[in-house]
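Worksheet for the structure shown next.
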Amino acid sequence: MKGSGFLFLMRMDDRMKTIGASASYILQQIGKEKPLVGIVLGSGLGKLGDHIEEAEIIPYRDIPGFPLSTATGHKGNFIYGKLGGKTVVAMQGRFHGYEGYPMSLVTMPVRVMKMLGVEYLFVSNAAGGTNPDFQVGDLMIIKDHISLHPNPLIGPNFEEMGPRFPDMTCAYDLELIAKAEKIAAEMGIRVQKGIYLSSPGPTYETPAEVRFYRMAGADALGMSTTPEVIVARHCGLKVFGMSVITNRCNTDNVTVNHNDGEDVVRAADAAADRMTELFRRLIASI
Ligand code: HPA
């Protein structure tokens, strides 16, 4: 990968320069083995990082060109090591549009991971449940998404990464979904499957918005993930996504049961071990 990184340097635009600088720095810090899987850990789900063996931890603040994660429940470390017997890189904390970052920065780490050599991207998030069958603490395999963010591919196409008009018919890999369902059954854990809708935030949804999104087919609502998945598909990564249902979305203007960020992180933390084990087994199966 080091060699091909240098080839990229010869014909890169500024975006490639920034991504190349981050990737080169990370390459200097990590072991020789190319990572197979990149993992993005959402709010309260950073615990998975503690299960990575032979871990090398690189704080975002040390990586040239890397933004800093300011969101609640996001640690801000890049972790290289082994999970499920495979070499992985995990992001303990991600970047959101609501923090003020442009979509190019929100999605930049995915392109850095692509340059490091990953072939798969596993994404996770905390989400509110709109499907009446969902309970707080459920894991939901993302089977499709609705993205209300500005599309991160707007602008001159990044030719080195992928095509102008990427297909999104199977954004979430069907084979990984089938394997994950099988693994969840073996583990004896409750797992849902549904559509994740992402809006820019940082406000939680009004009850009218919740009803509107539910009518549009959303099972879970959040404020992240879809921009990263779009960029991952653009550069040909296979994607697996999982939401942890941390709260139920209000469909009426009740005065109790307000959403708040701390509750979300607490509920995600309680589900993180189950998600970690499912990810570990799924990565082992690749
Ligand atoms: N809405 C949007 N994002 C979220 C929610 C929610 O209810 N819960 C956790 N992240």
Side-chain angles (χ1 to χ4, degrees), residues 39-48 69-76 91-101 103 106-107 122-150 152 172 190-230 241-276:
I39 306 171
V40 183
L41 297 169
S43 307
L45 297 168
K47 257 204 303 205
L48 180 144
S69 178
T70 67
T72 320
H74 290 254
K75 273 192 182 167
M91 288 181 64
Q92 229 174 10
R94 61 147 58 86
F95 311 108
H96 306 83
Y98 66 71
E99 293 172 86
Y101 296 119
M103 284 294 127
V106 168
T107 57
F122 279 39
V123 286
S124 61
N125 56 54
T130 56
N131 185 319
D133 295 337
F134 289 6
Q135 293 170 9
V136 170
D138 278 353
L139 302 181
M140 183 190 89
I141 296 169
I142 304 177
K143 66 175 183 187
D144 205 347
H145 76 217
I146 298 171
S147 187
L148 301 182
H149 300 265
Y172 299 86
R190 189 179 152 96
V191 72
Q192 308 282 5
K193 195 164 67 169
I195 294 171
Y196 174 76
L197 180 146
S198 184
S199 61
T203 45
Y204 288 110
E205 300 74 18
T206 64
E209 286 166 341
V210 172
R211 293 194 298 269
F212 178 53
Y213 295 156
R214 179 71 194 140
M215 271 195 299
D219 295 292
L221 307 182
M223 305 175 194
S224 68
T225 305
T226 58
E228 292 143 331
V229 171
I230 290 169
M242 174 150 279
S243 296
V244 174
I245 305 301
T246 54
N247 56 284
R248 291 208 38 82
C249 297
N250 287 323
T251 50
D252 292 303
N253 302 99
V254 291
T255 53
V256 288
N257 199 23
H258 292 300
N259 292 319
D260 96 37
E262 297 302 328
D263 278 2
V264 163
V265 171
R266 245 194 317 276
D269 186 63
D273 287 340
R274 266 176 292 138
M275 191 196 81
T276 297

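Since we're looking at a predicted model, the values are computed, not measured. Start at 1 and go down the list; that is how both ligands and their atoms are numbered.
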Go through it in stages, so that I can follow the logic: the residues are T246 and V136, the test is side chain to side chain contact (heavy atoms under 4.5 Å, CB included), and I'd like the CA-CA distance, side-chain angles, deciding distance and then a yes or no. CA-CA 5 Å; T246 54; V136 170; 5.7 Å; no
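- Considering only residues two or more places apart in sequence or on other chains, R214 meets the salt bridge (Lys or Arg N to Asp or Glu O under 4.0 Å) condition with D219.
- Annotation: K47, atom NZ; neighbour count of heavy atoms from other residues, nucleotides and ligands within 6.0 Å is above 12.
- By the salt bridge (Lys or Arg N to Asp or Glu O under 4.0 Å) test, R211 pairs with no residue at all, sequence neighbours left out.
- Within 4.0 Å of ligand 1, the residues that place a heavy atom are A126, A127, G128, Y204, E205, L221, G222, M223, T246, N247, C249, V264, listed by chain and number.
- For R266 and D269, the salt-bridge test fails: no basic side-chain N is under 4.0 Å from an acidic carboxylate O.
- Under the salt bridge (Lys or Arg N to Asp or Glu O under 4.0 Å) criterion, no residue pair touches residues 195-209, with sequence neighbours excluded.
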